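Below you'll find the structure, written out as structure tokens, and then a few comments.
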Number of protein chains: 2
Amino acid sequence: MPARIEDVAAHAGVSTKTVSRVLNGVPSVRAKLRARIEASIRALSYVPNASARSLAGNRSHLVALLYDNPMAGSSYTMELIVGVLQACKGTPYNAVLHPFDAGEDLAARIDGFVAQHRPDALVLVPPHANNAKLLQRLDELDIPYSTISSKLRQSRIDVGFDERRAAAEIVGHLVSLGHRRIGHIAGLQGHGARTWRLSGYRDALRKAGVAYDESLVVEGDFAFASGVAGARALLDRRRPPTAIFAANDDMACGVMREAYDRGLAIPADLSVCGFDGTPVSQLISPGLTTVHQPCRELGCLAAESVLRSIRDPAGPQQARVPYQVLLRASTAAPGKP
Amino acid sequence: MPARIEDVAAHAGVSTKTVSRVLNGVPSVRAKLRARIEASIRALSYVPNASARSLAGNRSHLVALLYDNPMAGSSYTMELIVGVLQACKGTPYNAVLHPFDAGEDLAARIDGFVAQHRPDALVLVPPHANNAKLLQRLDELDIPYSTISSKLRQSRIDVGFDERRAAAEIVGHLVSLGHRRIGHIAGLQGHGARTWRLSGYRDALRKAGVAYDESLVVEGDFAFASGVAGARALLDRRRPPTAIFAANDDMACGVMREAYDRGLAIPADLSVCGFDGTPVSQLISPGLTTVHQPCRELGCLAAESVLRSIRDPAGPQQARVPYQVLLRASTAAPGKP
DNA sequence: TTTTATGTTGACAGCGCTGGTACTTTTGAC
DNA sequence: GTCAAAAGTACCAGCGCTGTCAACATAAAA
């Protein structure tokens with residue numbers, strides 16, 4: 001049977017209330033006494049019972065990460081989770097993970113989840129982060145939350161990175177290599193990521209003085225197969241692009257597959273770049289030029305920010321974390337036409 | 001403020017205890033009354049407070065998944081998590097995730113974790129699943145646990161799949177294509193997976209009547225770079241292998257990278273196969289022949305088994321789930337020598 | 001019919017902790 | 001030495017639920 005607060009109090013010769021004060025970081029405990037109590041805590045390997053604490057204190061010390069039902073191998077979600085857990089380390093907070101698929105009764109299911117676990121804060125991942133109804137419900141419930149890459153102003157605390165600028169930068173790299181006919185496979189309609197990346201693509205072309213050719217942009221849905229299809233469409237053109245910027249790495253892999261099937265060499269015959277910096281981008285050959293999305297940092301920062309806002313509620317915060325453009329072997333100057 | 005059990009009791013005109021019985025599936029409640037109470041629960045959108053439940057009932061309704069600090073993009077862990085969460089769905093149980101790095105005081109940290117959250121059951125992932133000391137400690141604490149692919153007999157409930165047979169099968173495929181000089185890049189020393197996959201490789205050779213050549217087996221550590229290095233070593237031989245079986249997909253990608261750098265065509269000049277069936281195996285070109293490790297099913301089954309064992313403690317169980325050999329384009333008959 | 005066994009329900013204490021109130025002791029400033 | 005503020009104690013209620021056990025209802029057996 002693990003030690004209880006009462007045992008610690010007896011061991012240190014103080015009242016349980018004082019131990020409780022130490023546990024909760026209440027300042028009005030003299031350093032010397034605090035040290036003695038902390039010693040007793042260690043001596044007895046005391047760890048407060050989370051349930052009792054949560055029940056009595058009306059604080060659960062829980063941060064809930066609400067994400068969509070991840071598709072197979074979503075390293076994005078995994079990385080976010082790792083980041084959130086990292087942020088909790090060293091704090092009294094713990095993370096609860098909960099996948100929610102975006103169904104009609106989402107708000108109701110969230111209500112149930114909140115009633116059950118009473119998280120002190122929530123971290124929302126796209127697409128939930130972009131669900132206005134959901135955010136409104138959370139505002140009603142008055143639970144602090146942060147969002148990752150929300151495109152909604154409604155979200156008070158949001159962390160993300162400048163996808164548009166990142167996309168512009170990577171396309172700018174293609175331009176600087178000499179590419180002028182650059183295809184783009186866009187992301188799924190309705191996703192913020194689609195819009196930002198597409199905007200960045202256009203920004204880069206504009207900056208380079210290259211006319212925007214709508215027919216060089218084909219639809220995708222972030223999945224491998226749509227990358228294959230998109231590449232097929234682009235490469236079947238009378239004048240195919242010399243480079244393709246796919247809105248994520250999986251689709252970029254699709255482009256590489258289509259190139260492989262056609263016997264096109266990358267980057268000699270076609271330059272390819274992706275977005276996200278998923279593990280596959282370095283495993284594939286040639287290595288994929290891409291933008292590394294700092295998932296771990298995002299998760300960590302989102303959790304930290306929302307936890308901070310519990311102590312002192314602040315106004316809206318929009319944090320942007322730095323990204324990295326990874327130049328690898330899938331891009332090169334265009335071959336002779 | 002969410003509804004409490006007392007509200008439900010009042011709404012249904014019964015005592016709180018009876019509501020509690022319904023919530024906990026105690027059979028001695030008449031069907032009619034049960035239905036009425038269930039209606040009240042729905043009417044009030046009542047969800048029991050997890051903390052109160054856990055405190056009073058001395059059961060947390062929590063399954064803890066203890067995994068190693070995942071390296072970047074460990075889709076293995078992610079898939080397991082998804083499987084465990086899936087198993088919890090529809091049960092009153094929830095999952096807590098906790099990464100533990102394998103340090104000296106691991107057992108102590110686990111103790112602390114257990115004291116804090118009081119999980120009703122644990123699911124252990126390798127390498128923790130193979131940590132005899134840890135299992136012993138859990139036995140002492142008398143907490144039910146299940147392991148995924150533990151090689152230890154000590155583990156009472158273990159789920160896994162027959163890695164040895166799977167490895168033999170995929171190497172057998174290479175043999176049937178006509179390969180005789182088949183290289184192997186082994187996994188990290190000390191991992192069960194290394195041993196089983198290597199054994200399977202040898203089994204397949206033996207069965208085919210091909211003499212085992214120790215020099216065709218090189219060391220790896222499951223990481224991409226070691227796959228590159230392993231391939232380099234194998235391909236530098238006077239008579240290089242016509243096929244390479246890497247102990248996991250990441251290393252197989254490393255082999256493909258080395259082949260790419262040398263201008264070797266896959267599968268024309270070299271057949272490659274991996275193990276695990278990670279997402280990268282289908283994103284890469286050519287598609288990688290591999291064994292799909294049923295992670296999700298493993299996680300799900302591990303959680304289900306251990307939850308079942310809470311109700312009726314049973315003897316040791318060793319469940320094996322089916323795997324799948326995915327034949328893709330990275331393997332073909334050896335080219336003319 | 002009464003008795004006994006069994007099934008069904010309720011009253012109440014208490015899980016381990018924190019919040020609050022009321023009170024005592026210590027500390028430091030003057 | 002006085003006095004106010006700070007630091008600490010003592011005590012109790014109560015968070016929302018479940019376990020225990022007793023009470024009652026019903027059905028089976030005598």
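Each chain gets a letter, A, B and so on, in the order its sequence line appears, and its residues count up from 1. The analysis underlying the following values was restricted to heavy atoms, covering all of them including side chains, and did not include hydrogens, waters or symmetry mates. From a predicted model like this one, the values you see are computed outputs, not experimental measurements.
The nearest whole Å value for the distance from the CD atom in Glu6(A) to the P atom in dT18(C) is 13 Å. Rounded to whole Å, atom P of dC17(C) lies 12 Å from atom CD of Gln116(B). Rounded to an integer number of Å, the gap from Arg53(B) CZ to dT18(D) P is 5 Å. If you take NZ of Lys32(B) and P of dA25(D), they are 18 Å apart, rounded to a whole angstrom. Distance, Asn49(B) CG to dC15(C) P: 18 Å, rounded to whole Å. Counting to the nearest Å, the P atom of dG16(D) and the CZ atom of Arg118(A) are 7 Å from each other. As rounded to whole Å, 17 Å separates atom P of dA6(D) from atom CZ of Arg34(A). The distance between atom CZ of Arg59(B) and atom C1' of dC15(C), rounded to the nearest whole Å, is 12 Å.
Among the nucleotides dT27(C), dT9(C), dC17(D), the one closest to the side chain of Arg30(B) is dT9(C). Distances from the side chain of Ile5(A) to the nucleotides dC17(C), dA7(D), dG14(C) place dC17(C) closest. In this structure, the nucleotide among dT9(D), dG16(D), dT18(C) sitting nearest to the side chain of Thr18(A) is dT9(D).
Between Gly13(B) and Gly57(B), the one whose closest nucleotide on DNA chain C sits nearer the 5' end is Gly13(B).
Counted within 6.0 Å of CG on Asn24(B), heavy atoms from surrounding residues, nucleotides or ligands total more than 12; the atom is thus considered enclosed.
Ser28(B) comes within 4.0 angstrom of a nucleotide base, judged by non-hydrogen atoms across all strands. Counting non-hydrogen atoms under 4.0 angstrom, Leu55(B) reaches a base of the nucleic acid. Among the atoms of the strands shown, none is found under 4.0 Å from any heavy atom of Asn58(B).
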side-chain contact (heavy atoms from CB on, under 4.5 Å) between Glu38(B) and Arg34(B), intermediate numbers included: CA-CA 6 Å; Glu38(B) 279 167 348; Arg34(B) 173 182 300 271; 3.7 Å; yes

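Residue Tyr46(A) places none of its side-chain N or O atoms closer than 4.0 Å to OP1 or OP2 of dG16(C). At dT18(D), one or more side-chain N or O atoms of Asn24(B) fall inside 4.0 Å of OP1 or OP2 (strictly under the cut-off). A sub-4.0 Å separation between OP1 or OP2 of dT18(D) and a side-chain N or O of Ser20(B) is present.
Interface remark: the Lys17(A) side chain does not form any donor-acceptor pair with the dG8(D) base, using a distance-only criterion of under 3.5 Å. For Arg21(A) against dG19(C), a side-chain-to-base donor-acceptor contact under 3.5 Å is absent.
Each of Ile310(B), Leu307(B), Leu62(B) was compared with Asp120(B) under the side-chain contact (heavy atoms from CB on, under 4.5 Å) criterion, and only Ile310(B) meets it. Of the options Val63(B), Leu134(B), Asp139(B), a side-chain contact (heavy atoms from CB on, under 4.5 Å) to Tyr145(B) is made by Asp139(B) and by none of the others.
Aromatic ring centres of Phe100(B) and Tyr67(B): separated by at least 6.0 Å.
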